[in-house]
Amino acid sequence: MISNNQQHSTPEEAATLLYVFNSVYPINEAARTFLTENTYPIQVRKGKKLHKSGEICDMIYFVNKGAVRGYVKEGKKDITTWITVENELVASIHSFVLQIPSFENMEAIEDSELLGMSHSDLHRLYDIEPETNIMARRIYEKYYADAEIRALIARLSKAEKKYEYFLKTYQHLSTRIPLTYIASFLGINLETLSRVRGQIRNHSENKV
C-alpha cells in the first residue's frame, strides 16, 4: 500500500477535491477543513502499485492529476477492471467498504498526483459532519451506475458493440489510455481493438 508522508494537504492541494465534493452536495466549512487536514498528497510514478490483491484497502484516493487502473491477475494475464483519471475517487471499493482482502490491484498508468484519505478518517468525517453522508451517498450512486455500464460492456459478445459503448461512456479515455489497457478492459485482444478502431475511422472518413 502507498503510505502518506504525514504532511496533510494544503488548501491549494485540496482545492479541486473540495470543489468536486461541494458540487455533489454543499459541505460546510468544518467539513472542508477536516478534508484538508485529513488528506495527504501522494505522488506516484507510472507503473507503481497503490494497492495489491490480497491486502485490505485502507485508503481511498482522489486523482488530482494522472490515471489509475484496477486489474486482476488470471495466470500471467492482467484483466483491467476500471480506469480512472482526474477529479475522480479510486479505491478497491469492495475491500475498502467491507475492510476485507481485495481481489484486485491498483496501479498508476501515468505519473499521478493523488490525495489519500484513510478509511477511519473518512468514517470519522461521516460522524462529525453528518451532511457528508449525503455527499457520499450521491458519489456511491454515481459509481454504482458506472459499474452497471462496465458490467454491460463485459457481457456484450461483439467487439464492435463493446467499443461503441466504451466511446459513449469513456470518450475522454479513447485517445489517452494505451490501447492494451482499453482492450483488456473491454475483454478483447489488441488486434481486434485495432481492427474495430480502423473500421470506425474509415467509416468516419468516408462520411466526410
Side-chain angles (χ1 to χ4, degrees), residues 1-52 55-71 81-99 102 104-147 169-173 176-177:
M1 183 183 74
I2 299 294
S3 60
N4 64 58
N5 59 12
Q6 300 303 314
Q7 181 63 48
H8 69 67
S9 303
T10 65
E12 292 77 17
E13 289 168 331
T16 304
L17 168 69
L18 298 178
Y19 175 81
V20 170
F21 279 7
N22 199 63
S23 68
V24 172
Y25 186 83
I27 54 176
N28 63 31
E29 191 60 35
R32 296 168 70 89
T33 298
F34 185 97
L35 284 162
T36 302
E37 294 181 350
N38 291 276
T39 55
Y40 301 88
I42 300 165
Q43 293 190 348
V44 188
R45 297 302 300 268
K46 178 180 177 181
K48 180 71 173 180
K49 283 187 180 179
L50 282 76
H51 175 75
K52 295 180 180 180
E55 297 179 353
I56 294 174
C57 182
D58 192 49
M59 296 285 287
I60 191 166
Y61 302 95
F62 179 79
V63 183
N64 262 332
K65 180 181 178 181
V68 178
R69 72 166 179 143
Y71 71 95
T81 50
W82 50 260
I83 303 168
T84 296
V85 295
E86 290 87 2
N87 302 334
E88 298 281 355
L89 294 167
V90 294
S92 180
I93 197 67
H94 183 258
S95 174
F96 182 79
V97 170
L98 300 180
Q99 287 295 279
S102 71
E104 65 185 358
N105 304 276
M106 294 167 53
E107 175 190 43
I109 55 177
E110 296 177 358
D111 291 347
S112 300
E113 297 175 7
L114 314 172
L115 297 181
M117 188 176 199
S118 71
H119 182 272
S120 59
D121 282 339
L122 179 60
H123 281 266
R124 191 154 59 93
L125 174 62
Y126 294 159
D127 292 336
I128 295 171
E129 304 298 336
E131 78 276 9
T132 59
N133 286 271
I134 300 174
M135 175 196 70
R137 187 204 77 214
R138 292 185 177 180
I139 291 172
Y140 281 131
E141 286 172 346
K142 176 187 181 301
Y143 288 126
Y144 186 85
D146 290 345
T169 312
Y170 302 104
Q171 177 69 49
H172 59 296
L173 302 180
R176 173 174 176 177
I177 302 301

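Atom set for the values below is all heavy atoms of this structure, side chains included, hydrogens, waters and symmetry mates excluded.
Between I60 and V90, the shortest heavy-atom contact is CG1-O, 3.5 Å. Closest approach of A91 and F96 over heavy atoms only: CB-CB, 4.2 Å. Nearest heavy-atom pair across P41 and H8 is CD-C, 3.9 Å. Across D58 and Q99, no two heavy atoms sit closer than the pair OD1-OE1, 3.3 Å. The two residues A14 and T36 have their closest heavy-atom pair at CB-OG1, 3.8 Å.
Rounded to the nearest 0.5 angstrom, S102 OG and H94 NE2 are separated by 10.0 Å. The CZ atom of R32 sits 13.5 Å away from atom OG1 of T132, with the distance rounded to the nearest 0.5 Å. If you take OG on S112 and CD on E107, they are separated by 10.0 Å, rounding to the nearest 0.5 Å. The line from NE2 of H123 to CG of N133 is 9.0 Å long, rounded to the nearest 0.5 Å. The line from CG of N105 to NZ of K52 is 9.0 Å long, rounded to the nearest 0.5 Å.
Take F21 and apply the ring pair (Phe, Tyr, Trp, His ring centres under 6.0 Å) test, not counting sequence neighbours, and it matches no residue. With sequence neighbours excluded, the residues that form a side-chain contact (heavy atoms from CB on, under 4.5 Å) with E12 are T10. Remark: T81 pairs with V72, E104 by the side-chain contact (heavy atoms from CB on, under 4.5 Å) rule, at least two apart or across chains. With sequence neighbours excluded, the residues satisfying side-chain contact (heavy atoms from CB on, under 4.5 Å) with R137 are I134, E141. With sequence neighbours excluded, the residues that form a side-chain contact (heavy atoms from CB on, under 4.5 Å) with K65 are E86, E113.
Between Y170 and H172, the angle of the ring planes lies from 30° to 60°, which puts this pair in the tilted group.
D121 has a carboxylate O that lies under 4.0 Å from a charged side-chain N of R124, or vice versa, which qualifies the two as a salt bridge.
A heavy-atom distance below 4.5 Å is not found between the side chains of L17 and N64. Looking at W82 and V68, their side chains come closer than 4.5 Å, going by heavy atoms from C-beta outward. Two residues are said to be in side-chain contact when any heavy atoms from C-beta on lie closer than 4.5 Å; I139 and L89 meet this criterion. Under the 4.5 Å side-chain criterion, counting only non-hydrogen atoms from C-beta, I83 is in contact with I109. Looking only at side-chain heavy atoms (C-beta outward), H119 and V97 stay at 4.5 Å or farther from each other. Inter-residue side-chain proximity for L50 and Y61 is flagged as met; some heavy-atom pair is nearer than 4.5 Å. Side-chain atoms of V85 and E110, non-hydrogen and from C-beta on, never get closer than 4.5 Å to each other.
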request  = Go through the steps to decide whether F62 and M117 satisfy the test side-chain contact (heavy atoms from CB on, under 4.5 Å), and finish with yes or no.
outcome  = CA-CA 8 Å; F62 179 79; M117 188 176 199; over 6 Å; no

task = Please test I93 against Y140 for side-chain contact (heavy atoms from CB on, under 4.5 Å), starting from the C-alpha separation and ending with a verdict.
result = CA-CA 10 Å; I93 197 67; Y140 281 131; 3.8 Å; yes

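For K142, the NZ atom is densely surrounded, since the number of other residues' heavy atoms within 6.0 Å is greater than 12.
Judged purely by atom type and a 3.5 angstrom limit, N38 uses its side chain to pair as donor or acceptor with the backbone of F34. Counting only distance, with no hydrogens or angles, the side chain of S95 and the backbone of C57 share a donor-acceptor pair below 3.5 Å. Checked by atom type and distance alone, the side chain of T39 never pairs as donor or acceptor with a backbone atom of S9 at under 3.5 Å.
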For residues 24-31, please give each side-chain donor-acceptor pair under 3.5 Å, one per line with the distance, not counting sequence neighbours.
from : atom 1 : to   : atom 2 : distance (Å)
N28  : OD1    : A30  : N      : 3.1
N28  : OD1    : A31  : N      : 2.7
N28  : ND2    : E129 : OE1    : 3.1
N28  : ND2    : E131 : OE2    : 2.8

